[in-house]
Q: 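Quick one: this structure, given as structure tokens, is what I'll be asking you about.
Nothing fancy with the numbering, it's 1 onward along the sequence.
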Amino acid sequence: MDPFDILENLHKVKPAFQPIISAVKHTVIGYEVLGRFQVEDTWMSLGSFFHDDDVPDEYKVEVDQHLLALAITQMLEARNDGLLFINRNARQLLINSGEDFLETLQNFAEKGFSMERIVLEITEYDFEEDFDTLQHLLFYYKTYGIQIAVDHVGAKSSNIDRIRQLRPHILKIDTGFVRNANPEVFQDVIQTLSVLARRIGAKLSYENIEDNYQLYFAWKHGGHYYQGFYLANPEVELPMNNSIQMNVGEKITEFVQREKSLIEKRYTFTLGFEEKVKKSLSKWHGPATADLFIKAVAEAFKEESFRLYICNSDGRQVSSNFRKYGDEWVLEKDQLGSHWAFRPYFLENTMQMKSWHKGILSDVYSDIETGKMIRTFSFPLSHECYLFIDISNDFISEIDYLLFR
């Protein structure tokens with residue numbers, strides 16, 4: 001696509017609107033503006049034009065400004081009060097100190113289009129530019145009510161601190177990672193971004209959703225907004241009444257029911273473990289005979305567990321490890337006296353067990369020793385001692401309600 005053809009035929013350039021769905025109301029809350037160019041009877045994407053490094057930034061800015069003006073005009077004419085998500089390259093945005101973009105928005109604000117409805121998307125890759133200048137400009141835009149979104153977030157983990165400094169309103173995550181990345185790696189990235197979003201008060205938005213699983217993934221992992229071809233295609237005509245063909249509410253209802261079923265099954269599984277331990281509680285006579293107690297209990301968990309041990313409320317291990325190798329249980333006395341209170345949630349969980357007198361089933365996590373994904377069931381033997389039963393990867397991998405959080 002020849003850049004000069006585009007610049008000389010701006011009347012053939014139009015915005016396409018891709019709906020963005022709210023997880024709260026299950027309705028369209030706004031649109032991302034994408035560029036299209038008419039070739040005969042087909043509207044072609046302008047993605048190659050904007051991503052071509054050989055095209056001067058000034059050309060891209062001119063087309064961007066044209067798209068922005070048309071998009072806002074269509075929103076005003078349709079009396080559509082949704083948000084408008086606008087993509088901008090940092091290098092182009094910094095031309096003329098960012099005043100061109102702001103001036104356009106100010107002109108339309110006088111016509112009734114509030115700048116608070118604008119969401120400016122900056123990709124994480126743009127942080128490689130002059131970040132201090134970019135940060136100053138984006139803070140300046142914020143004073144006008146413009147919302148800031150960081151697109152393709154998580155692409156470079158080294159930018160986490162810069163994102164924290166910027167404190168954007170929205171973090172956009174590409175669900176294409178679900179298809180292409182190692183699932184465990186992506187889970188770690190999502191967990192990091194979820195914590196970051198909570199710390200800075202940002203919403204998570206999942207884009208490029210192309211199937212039902214990706215929509216489920218976005219819902220399950222804290223997505224506030226959803227976007228992608230599975231939900232709605234970009235259209236050069238602004239959809240009427242903020243509507244889309246897919247009933248997102250029905251899909252979410254299915255996810256809710258599925259998740260409730262998994263939680264109920266995990267709860268039943270936890271109660272079953274509790275009952276097994278309670279049958280052996282009469283054999284608990286304190287830390288001095290902890291190894292004898294574990295030996296008596298272990299056989300009841302030979303199908304599910306590969307390791308058992310007992311700690312006191314300070315995190316000190318008062319038993320040996322009772323470890324299964326093949327079909328044989330072996331006492332590992334060298335673990336006696338180890339300290340585990342440094343582990344996340346250890347003290348919190350023991351205090352909960354002490355207060356509630358109930359066992360706790362952990363989330364799925366990677367075991368330090370084996371490197372495999374496991375769960376741990378914990379149970380209060382007394383006010384001071386707690387039994388830990390590590391459930392093997394082989395067991396949980398065969399059961400959907402244990403394999404998934």
Side-chain angles (χ1 to χ4, degrees), residues 19-33 81-88 90 93 98 101-102 105 109 113-127 129 131-175 177-178 186-209 215 217-228 248 252 255-256 259 344-345 348 363 405:
I20 296 174
I21 317 301
S22 165
V24 179
K25 296 293 186 180
H26 303 163
T27 56
V28 178
I29 55 86
Y31 304 88
E32 179 172 353
V33 175
D81 60 359
L83 300 174
L84 207 55
F85 288 66
I86 306 294
N87 293 283
R88 281 294 185 273
L93 197 63
F101 178 69
L102 184 59
L105 296 182
F113 195 94
S114 170
M115 281 192 268
E116 293 180 355
R117 294 170 57 189
I118 293 292
V119 180
L120 176 61
E121 295 188 23
I122 301 293
T123 67
E124 187 178 347
Y125 297 107
D126 288 336
F127 292 171
E129 302 293 329
F131 179 74
D132 290 338
T133 302
L134 176 63
Q135 181 183 31
H136 179 77
L137 176 61
L138 296 181
F139 281 167
Y140 178 55
Y141 284 165
K142 281 185 177 183
T143 64
Y144 287 90
I146 298 172
Q147 298 187 56
I148 305 299
V150 177
D151 200 5
H152 293 97
V153 69
K156 300 191 70 172
S157 59
S158 59
N159 285 325
I160 292 294
D161 186 56
R162 287 181 170 180
I163 294 173
R164 183 188 58 78
Q165 293 177 50
L166 188 58
R167 301 185 73 86
H169 301 86
I170 299 170
L171 302 180
K172 297 194 73 176
I173 300 169
D174 185 352
T175 55
F177 286 141
V178 179
F186 190 57
Q187 287 282 354
D188 292 342
V189 171
I190 294 300
Q191 184 175 7
T192 299
L193 295 177
S194 297
V195 172
L196 176 64
R198 288 198 299 271
R199 294 280 177 85
I200 65 177
K203 299 173 182 176
L204 293 179
S205 178
Y206 287 83
E207 58 184 343
N208 294 326
I209 295 174
L215 179 59
F217 186 95
W219 171 80
K220 186 175 175 64
H221 291 84
H224 202 96
Y225 299 134
Y226 314 131
Q227 174 186 357
V248 176
I252 300 304
F255 300 158
V256 170
E259 197 65 22
Y345 309 115
E348 181 178 349
D363 287 337
R405 294 180 181 178

Q: I'd like to check the side-chain hydrogen bond (donor to acceptor under 3.5 Å, both in side chains) partners of Tyr345; sequence neighbours left out, ordered by chain and number.
A: none
Q: Can you list everything that forms a side chain to side chain contact (heavy atoms under 4.5 Å, CB included) with Phe139? Sequence neighbours excluded, please.
A: Gln135, Lys142, Leu166
Q: Does Gln147 have any side-chain hydrogen bond (donor to acceptor under 3.5 Å, both in side chains) partners at least two apart in sequence or in another chain, and if so, which?
A: none
Q: Tell me, please, which residues at least two apart from Phe101 pass ring-ring contact (aromatic ring centres under 6.0 Å, His included).
A: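 Once residues adjacent in sequence are excluded, the partners of Phe101 under the ring-ring contact (aromatic ring centres under 6.0 Å, His included) criterion are Tyr141.
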Q: Classify the ring geometry between Trp219 and Phe255 as parallel (under 30°), tilted (30 to 60°) or perpendicular (over 60°).
A: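 Tilted, since the angle between the ring planes falls between 30° and 60°.
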Q: Can you name the residues that form a salt bridge (charged side-chain N to carboxylate O under 4.0 Å, His left out) with Arg164, not counting sequence neighbours?
A: Asp161
Q: Is the side chain of Thr123 donor-acceptor paired with the backbone N or O of Asp151 at a distance under 3.5 Å, no angle test?
A: no
Q: According to salt bridge (charged side-chain N to carboxylate O under 4.0 Å, His left out), who are the partners of Arg88, at least two apart in sequence or on a separate chain?
A: Asp64
Q: Check whether any side-chain heavy atom of Tyr206 lies under 4.5 Å from a side-chain heavy atom of His221, and answer yes or no.
A: yes
Q: Closer than 3.5 angstrom, by distance alone: can the side chain of Tyr144 be matched with the main-chain N or O of Leu102 as a donor-acceptor pair?
A: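 Absent.
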Q: Tell me, please, which residues at least two apart from Thr192 pass side-chain hydrogen bond (donor to acceptor under 3.5 Å, both in side chains).
A: none
Q: If you look at every heavy atom in Asn87 and Glu32, which pair is closest and at what distance?
A: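 Looking at all heavy atoms of both residues, the closest pair is ND2-OE2, 2.7 Å.
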Q: With rounding to the nearest 0.5 angstrom, report the OG to CD1 distance, Ser205 to Ile21.
A: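 Separation between the atoms: 10.5 Å.
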Q: Under the side-chain hydrogen bond (donor to acceptor under 3.5 Å, both in side chains) rule, collect the residues that match up with His224, sequence neighbours excluded.
A: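 Once residues adjacent in sequence are excluded, His224 has no partner under the side-chain hydrogen bond (donor to acceptor under 3.5 Å, both in side chains) criterion.
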Q: Within a strict 4.5 Å, meaning less than it, do heavy atoms of the Leu204 and Val153 side chains meet?
A: no
Q: Any pair with a residue in residues 195-206 that passes salt bridge (Lys or Arg N to Asp or Glu O under 4.0 Å), sequence neighbours left out, goes on the list, sorted by first then second residue, please.
A: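 Output for this query is empty, none listed.
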Q: Rounded to the nearest 0.5 Å, what separation is found between the CD1 atom of Ile148 and the CG atom of Leu171?
A: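 Going from CD1 on Ile148 over to CG on Leu171, the span is 12.5 Å.
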Q: For Thr175 and Glu207, indicate whether the former's side chain and the latter's backbone hold a donor-acceptor pair under 3.5 Å.
A: yes
